[in-house]
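Heads up, the thing below is written out as C-alpha cells.
We name chains A, B, ... by the order of the sequence lines, and we start the count at 1 in each one. Reckoned from all heavy atoms, side chains included, excluding hydrogens, waters and symmetry mates.
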2 protein chains.
Amino acid sequence: MSYTKTEENYLKAIYSLQVKIGKEVSTNELASSLETKASSVTDMVKKLDKKELITYEKYKGVSLTNLGKEIAINIIRNHRIWEVFLVEKLGYKWDEVHEIAEQLEHIKSEELVDRLDDFLDHPSFDPHGDPIPDREGNIPVRKEAIALNELKKGETGIVVGVKNTDIDFLQFLEEMNLTLGKSIQVEKIFDFDKSKVVKTGQQTVTISKEVGSFLIVEKIIQTK
Amino acid sequence: MSYTKTEENYLKAIYSLQVKIGKEVSTNELASSLETKASSVTDMVKKLDKKELITYEKYKGVSLTNLGKEIAINIIRNHRIWEVFLVEKLGYKWDEVHEIAEQLEHIKSEELVDRLDDFLDHPSFDPHGDPIPDREGNIPVRKEAIALNELKKGETGIVVGVKNTDIDFLQFLEEMNLTLGKSIQVEKIFDFDKSKVVKTGQQTVTISKEVGSFLIVEKIIQTK
DNA sequence: AAATATTTTTAGACTTATCTAAAAATTGAA
DNA sequence: TTCAATTTTTAGATAAGTCTAAAAATATTT
Ligand SMILES: [Mn+2]
Ligand SMILES: [Mn+2]
Ligand SMILES: [Mn+2]
Ligand SMILES: [Mn+2]
C-alpha cells in the first residue's frame, strides 16, 4: 500500500498533535496545523477513516489506528534521517534543512532510507535533537532531557533539542549561540518574569521564559 | 518560477525525443513516451505553450523554447547527480537507481543538487555513462564514444554507456557481465545477422545486432 | 482525386485536494 | 435551561491531471 503526500502529511500532523495534547485531535487543530480549512480537513479525515488509517467520529475528532501510527512514525523517521544527511554530509546548518526534508520524507522507496541510515551510521537523534524511530517504529528516549526552565540557578545543561522549529526561532538560537551540543549554565533567574541570565562558553545572554521552555537540555550532574 | 512534477516530466520527455528525432515532437510520440493518452498530451501541451515553455501548433507537434530546454536539462542534471549519489554513496547497483532518481529529480531546492554535486566531486557522467549537465546547462561530450556495432573484428572498447535504460536490458547486461567500465573485444561478426561473439574478461558471449547498438564504448587504440 | 487509414483534437466525465458559504451540532454563559 | 457563540459538517465550485468516445484534420493508398 502506498499513500499520497497529502495523506502522509495528515497522518504526521495527527500523530504530533495526538502526542502533544493526549486526546482526540479536533478538526480545527488539524486545520491550523496543516494551514488548511476545516472543511478540507473534514473531507480528508473521512477518507483516512475509510482507509482505516484513523478513527473518525463526527464532531468528536480523530485518532490514529495502529496502521496510521506506523505510517506516521515512518514518515517522521524518513524526515529526520534526511535531516541528518543534509547537515552531516552536505554541510547544511540545522535551521536550513526542515523544508527540504519535508519533501524528501515522501520519496517512495522501502530501501532508500535504510541505506541512508547505514550510510549515516544509524543516528539516534536528528540535528534538532529529536529522536529517530527505528525500522520497527521504536523511538529512542533520552535520559534526563528537560526544559531549560527546569534548571535551577547554578545548574548546567547541554542543549539537546528544541520544542519549536520555526525558522525564526532557530535563527535566533544561532544568533545567541544556543546551538545543539552547547553547554548552558544558569547564572540568575529573575523572579519578575522568570527570564534568565545564562552563560554559554564565553558569552552571557538573557533569555525569556518562553525561550527557556523551547530549549531541551540534558542536565549535567556536577560530580564535585 | 516553479513547475509541477508533471510539467517537468513533459519537458524532460520532449527534450529527449527532440534530441533523438531532431524535429518537432508529435502528440503520439509524447503520449507513448509518457505512457499516457494522446488526449491528455494535447491538454498539457496547450498549457505548456501558454506558459511559453514549448511551442505548440495544432497538428504540428511541439518543440522546447529556450526556457523549456533550460528546465528540462536541469531536471536531467538532478536525475543523474542523484543516480551517482545512489550508486557511489549508498551502494546501489546501476540498474536499481532509475526509479528512485525519477522521484528525487523533482525535489525543489536551488541549492540541494549543487551541494550534492560538491559532495560527489562534480562527476561528469552518471552510472549509465550519460553526461551530467553543469549548472549552466553545458553537457560534457566524451571523445570517441561509439556504438559497439562500430567496432570491427579484433577491436576492443570500454563500456562507457547504454542507449537503452529498460530495467530488463540493464539486468541482461549485468547477467552477461557487460557492465560499465568493462573491456570488450570483438572476436567474430556473423554476416548473417551482424550478431557478434565478444570477449569480456574470461567470458565469451554472443550478442545480437540490437544489443550492440545499445552499448556505447570508447574504442581502444591498440598501441602495439 | 477519392477513399481510407491514421493522427490529433474536442467534448464530456472522473479523481484528488482544495476553497467559500451556509447549515447543523456542540459548547458554554447567562 | 435556554440562547448565543463556536466548531464542525455539508453543499457546491474550482483546478490539475487524467480518461473514453467521437469529431476533425492530416497522411496514405488506390
Ligand atoms: Mn524538520
Ligand atoms: Mn528535525
Ligand atoms: Mn535514470
Ligand atoms: Mn542515468
Side-chain angles (χ1 to χ4, degrees), chain A residues 1-14 17-18 20-64 68 71-72 75 102-103 105-106 108, chain B residues 1-14 17-18 20-64 68 71-72 75 102-103 105-106 108:
Chain A
M1 222 72 357
S2 188
Y3 305 93
T4 68
K5 190 179 289 190
T6 308
E7 288 170 336
E8 289 180 347
N9 283 334
Y10 267 79
L11 295 176
K12 202 168 51 129
I14 294 166
L17 290 169
Q18 200 168 266
K20 187 163 116 195
I21 68 191
K23 58 180 180 205
E24 284 69 32
V25 177
S26 75
T27 301
N28 265 1
E29 282 162 343
L30 213 38
S32 105
S33 163
L34 289 162
E35 296 182 75
T36 184
K37 301 289 160 162
S39 56
S40 306
V41 170
T42 301
D43 283 350
M44 180 57 82
V45 297
K46 281 178 183 170
K47 201 171 80 177
L48 295 175
D49 180 79
K50 195 175 293 171
K51 292 191 179 186
E52 304 200 356
L53 297 168
I54 66 177
T55 302
Y56 163 62
E57 278 186 90
K58 266 193 189 182
Y59 296 102
K60 302 210 166 157
V62 301
S63 59
L64 294 171
I71 294 163
I75 301 299
E102 284 291 310
Q103 298 180 60
E105 70 187 10
H106 301 290
K108 260 72 190 169
Chain B
M1 221 73 355
S2 187
Y3 304 93
T4 69
K5 189 179 290 190
T6 308
E7 288 171 336
E8 290 180 346
N9 282 334
Y10 268 80
L11 295 176
K12 200 167 54 128
I14 294 167
L17 290 169
Q18 200 168 265
K20 188 164 116 193
I21 68 191
K23 57 181 180 204
E24 284 69 33
V25 177
S26 75
T27 300
N28 264 0
E29 281 163 343
L30 213 36
S32 104
S33 164
L34 288 162
E35 297 183 72
T36 185
K37 302 289 161 161
S39 56
S40 306
V41 170
T42 301
D43 282 350
M44 181 57 83
V45 297
K46 282 178 183 169
K47 200 170 81 178
L48 295 175
D49 179 79
K50 195 174 295 171
K51 293 191 179 187
E52 305 201 354
L53 297 167
I54 66 177
T55 300
Y56 163 62
E57 277 186 90
K58 265 194 189 181
Y59 297 104
K60 299 208 166 157
V62 300
S63 59
L64 293 171
I71 294 163
I75 301 299
E102 285 290 310
Q103 299 180 62
E105 70 187 10
H106 301 290
K108 260 73 189 169

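Of the charged side-chain nitrogens involved, none lies within less than 4.0 Å of a carboxylate oxygen, so that B:K23 and B:E29 do not count as a salt-bridged pair.
Residue A:L34 contributes atom CG, which lies 10 Å from atom P of C:dC19 at whole-angstrom precision. Nucleotide D:dT26 holds its P atom 15 Å from the CD atom of B:E24, rounded to whole Å.
Not counting sequence neighbours, B:S63 has no partner by the side-chain hydrogen bond (donor to acceptor under 3.5 Å, both in side chains) test.
For the atom pair NZ (A:K37) and CG (A:D43), the distance works out to 14.5 Å, reported to the nearest 0.5 Å.
In this structure the side chain of A:L30 reaches within 4.5 angstrom of the side chain of A:L17, judged on heavy atoms. In this structure, A:T36 and A:Y10 have side chains that are in contact, with non-hydrogen atoms separated by less than 4.5 Å. You'll find the side chain of A:K12 reaches within 4.5 Å of the side chain of A:E105, heavy atoms only.
Contacts with DNA chain D (heavy atom under 4.0 Å) in residues 2-11 of chain A: none are found.
At distances below 3.5 Å, not a single donor-acceptor pair connects side-chain atoms of B:E8 with backbone N or O atoms of B:I75.
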B/S/- contact track for nucleotides 7-13 of chain C, protein heavy atom under 4.0 Å: SSBB---
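In A:K60, the NZ atom is not crowded: 12 or fewer heavy atoms of neighbouring residues, nucleotides or ligands sit closer than 6.0 Å.
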